[in-house]
Amino acid sequence: MSADLAIVGAGPAGMAAAVEAAKHGLSVVVLDDQPEPGGQIYRAIERAGPRLRTILGGEYAAGEALVRDFRAAGIDYRPDSAVWRLDAGARIAYSRNGTASTLTADRVLIATGAMERPVPIPGADRPGVMGAGAAQVLLKASGLVPAGRVVLAGAGPLLLLVGCQLLDAGADVAAVLETTAGGDYLDAAPALPRALAGWRDLAKGVAMKRRLKRAGVVFRSGVGGLAATGDSVRFDGGEIACDLLLLHEGVVPQTHLSRQAGLAHRWQTEQRHWAPVVDAAGRTAEETLIVAGDAAGIAGARAAALSGRIAARTAAGKEPAELAAALARERAMRPLLDRLFPPRTALPDDEAPVCRCESITAGDIRRAVRDGAMGPNQLKAFSRAGMGPCQGRMCGLAAAEIVADERGLPVEEVGSFRIRPPVKPLTLGELASMEGEAAEAEAL
Amino acid sequence: MFRRLPEREASITIEVDGAPVPAAPGDSVAAAMLAAGIAAFRHAPVDGGPRGPWCAMGVCFECLVEIDGEPNRQACMTTVREGLRVARRPAGARPKP
């Protein structure tokens with residue numbers, strides 16, 4: 001089958017783009033790997049009861065209107081669909097309920113959103129150590145609340161937000177350990193002029209920090225030497241017992257699909273991640289491929305929805321001027337937030353597991369570079385880093401940074417893992433079940 | 001390791017290594033297992049160490065289990081249904097070649 005616009009991802013960018021495109025008369029197909037629309041930010045919003053809504057707050061509940069519009073727009077929405085190949089000819093291969101299919105479209109919008117930046121500290125691969133965002137996903141989707149003592153460690157606004165939400169859900173939050181000095185900026189916040197772009201975010205950060213401190217949560221800034229032991233978290237000058245350690249160092253774009261499709265990516269020095277090269281309407285060097293939302297660069301849910309609408313309207317041949325102005329206002333808040341919560345600059349310790357799939361540490365990667373690995377792709381041959389089932393999603397950023405650091409080169413110059421299809425694991429059974437216009441010979 | 005808010009009632013049952021595990025409609029297999037106190041989902045094929053979910057959203061592949069006889073399924077990306085059967089891979093079952 002063929003559509004005017006195929007969208008990969010049903011988070012704020014994908015949903016808003018779908019609604020906007022349908023409004024302009026385009027036929028739209030949306031493929032998403034989750035069972036429900038909303039993405040991670042509005043995960044399971046349709047099922048959230050009153051208690052969860054109170055805990056998760058207004059920014060979560062705000063997603064409900066968008067999900068409702070999306071459901072009502074008569075869009076060909078295919079949940080539980082894992083896209084494993086995208087070609088510039090705007091052909092998509094995906095698996096759904098154990099069956100692989102292809103579809104073509106005039107244009108494909110990549111709206112794959114963000115993922116938490118992996119936090120490679122020693123012991124991070126033990127059970128009982130998770131992303132703070134993962135704990136939030138479990139809370140949203142299943143109402144799960146950590147049962148024992150929780151410590152949150154790392155950096156970024158989500159660390160504080162999840163800390164507060166877990167407190168409200170009745171969890172025993174023992175400590176928040178910030179790896180940056182971000183907390184110090186928050187202390188100074190009330191003195192800053194209210195006219196400053198992003199003041200609202202700043203005030204929110206201050207309020208969250210106060211709430212945690214008032215609840216008796218131990219708060220430390222500038223914490224170094226984090227390591228998970230299994231029943232505690234160690235750091236330079238201390239150790240705190242905990243049953244669950246939640247790590248967080250911000251979110252980064254999910255670029256596997258945009259990379260596999262052959263799009264150019266640029267290293268964002270300040271945020272320390274890759275992002276596809278796009279123009280203001282999400283257009284890329286490939287006429288058929290568009291990227292919107294956090295997949296094109298982290299700007300949050302409101303900006304993601306706006307960028308999705310802009311991309312859809314542009315695809316429909318319409319002028320998105322007033323949306324572009326709204327997006328510019330939304331993005332103006334970002335620089336301050338980025339500066340308040342910079343990702344920590346220290347690279348992982350030698351003992352830290354970087355490639356979890358293949359059990360490769362930062363030290364292993366440094367040795368491989370000294371043995372002659374010039375970049376991430378040679379690193380694969382030297383160490384197997386990036387060759388496990390996650391296909392380098394967990395180690396790609398840190399591996400590139402370590403190689404660059406060892407070689408004394410900018411990350412841009414050493415590059416990233418080459419990403420090949422299938423970008424999601426595919427069984428032979430699924431491949432054999434291939435439906436649609438592509439022959440199985442074309443699949444790989 | 002996790003408990004459940006009362007508004008998400010566990011009304012169905014899945015099976016993990018032969019034992020019944022309660023689950024709520026809409027749960028991922030990973031959420032149901034974590035709510036039942038299961039922290040280790042598999043053993044890493046290379047170092048043999050116990051592993052559990054890191055991301056809960058399909059990125060990390062640390063929650064791979066056998067589901068209804070099919071190996072290496074992502075527990076966080078599979079929605080529970082009555083009678084679904086999970087088997088964890090025993091330690092050292094698949095050594096690195």
Side-chain angles (χ1 to χ4, degrees), chain A residues 33-36 40 43-44 47-52 55 80 82 98 113 115-116 118-119 124-131 133-139 141-148 169-171 243-244 247 254 256 353 356-360 384 388-391 393-394 424-425 427 429, chain B residues 1-10 22-64 67-74 76-81 88 96-97:
Chain A
D33 62 5
Q34 293 295 327
E36 301 155 297
Q40 300 307 324
R43 182 97 184 247
R47 291 188 287 122
R51 177 85 201 277
L52 256 183
I55 293 166
D80 288 314
M115 58 177 265
E116 285 189 285
V119 186
D125 52 1
R126 291 169 181 273
V129 185
M130 295 181 139
Q136 197 194 37
V137 162
L138 293 167
L139 179 62
S142 292
L144 295 197
V145 182
D243 301 292
L244 181 66
L247 300 173
Q254 295 214 61
H256 260 52
R356 304 162 65 113
C357 297
E358 299 290 335
S359 302
I360 309 293
R384 288 196 56 82
C390 93
Q391 299 179 282
R393 286 173 172 86
M394 294 296 289
K424 287 283 172 74
T427 66
Chain B
M1 192 158 69
F2 286 89
R3 62 186 173 79
R4 205 183 277 280
L5 288 176
E7 65 188 37
R8 285 293 161 82
E9 200 190 334
D27 272 357
S28 65
V29 170
M33 288 172 69
L34 288 168
I38 299 169
F41 280 44
R42 64 176 190 130
H43 288 85
V46 179
D47 64 29
R51 299 290 180 87
W54 157 267
C55 74
M57 55 173 276
V59 171
C60 75
F61 291 78
E62 290 283 30
C63 65
L64 297 179
I67 296 178
D68 289 336
E70 199 182 315
N72 297 318
R73 295 281 306 278
Q74 290 177 280
C76 76
M77 299 295 283
T78 308
T79 306
V80 295
R81 58 183 178 278
R88 288 181 291 170
K96 194 174 177 179

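By convention in this document, chain letters (A, B, ...) are assigned in the order of the sequence lines, proteins followed by strands, and residues within each chain are numbered from 1.
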Charged N-O contact under 4.0 Å between B:Glu62 and B:Arg51: yes
NZ/NE/NH1/NH2 to OD/OE distance under 4.0 Å, B:Arg81 and B:Asp27: no
Interface residue of largest heavy-atom contact number with chain B, from A:Arg126, A:Glu36, A:Gln40, under 4.5 Å: A:Gln40
Under 4.5 Å from any heavy atom of chain B - which part of A:Gln254: side chain
Under 4.5 Å from a heavy atom of chain B, the part of A:Ala82 involved: neither
Where B:Arg4 and B:Ala10 come nearest, the two heavy atoms and their spacing: NE-CB, 4.0 Å
Proximity breakdown for A:Pro146 and chain B, heavy-atom pairs closer than 4.5 Å: both
B:Thr79 to A:Pro35 - nearest heavy-atom pair and separation: OG1-CG, 3.6 Å
Part of B:Cys60 within contact of chain A (heavy atom distance under 4.5 Å): both
Heavy-atom contact with chain B under 4.5 Å, split by part of A:Leu52: both
Atom group of A:Val129 that falls short of 4.5 Å from chain B, counting heavy atoms: both
Exceeds 12 heavy-atom contacts within 6.0 angstrom, atom CD of B:Glu7: yes
Residue selection (most heavy-atom pairs with chain B, distance under 4.5 Å) from A:Asp125, A:Leu138, A:Asp243: A:Asp125
Interface moiety of A:Leu244 toward chain B, non-hydrogen atoms closer than 4.5 Å: side chain
Max heavy-atom pair count under 4.5 Å with chain B, selected residue of A:Gln136, A:Met130, A:Met394, A:Arg393: A:Met130
Side chain to side chain, A:Leu247 and B:Trp54, heavy atoms closer than 4.5 Å: yes
Chain A contact via B:Ala40 - which portion, at a heavy-atom distance below 4.5 Å: both
A:Met115 portion near chain B, given a 4.5 angstrom heavy-atom threshold: both
Contact check, side chains of B:Leu5 and A:Leu139, non-hydrogen atoms, under 4.5 Å: yes
Residue, of A:Pro50, A:Ala135, A:Ala171, A:Gly388, that accumulates the most heavy atom pairs under 4.5 Å with chain B: A:Pro50
4.5 Å side-chain heavy-atom contact, A:Gln34 and A:Asp80: no
Largest heavy-atom contact set with chain A, pairs under 4.5 Å, which of B:Gly52, B:Ala31, B:Ala35: B:Ala31
A:Asp33 and B:Met77, any side-chain heavy atoms less than 4.5 Å apart: yes
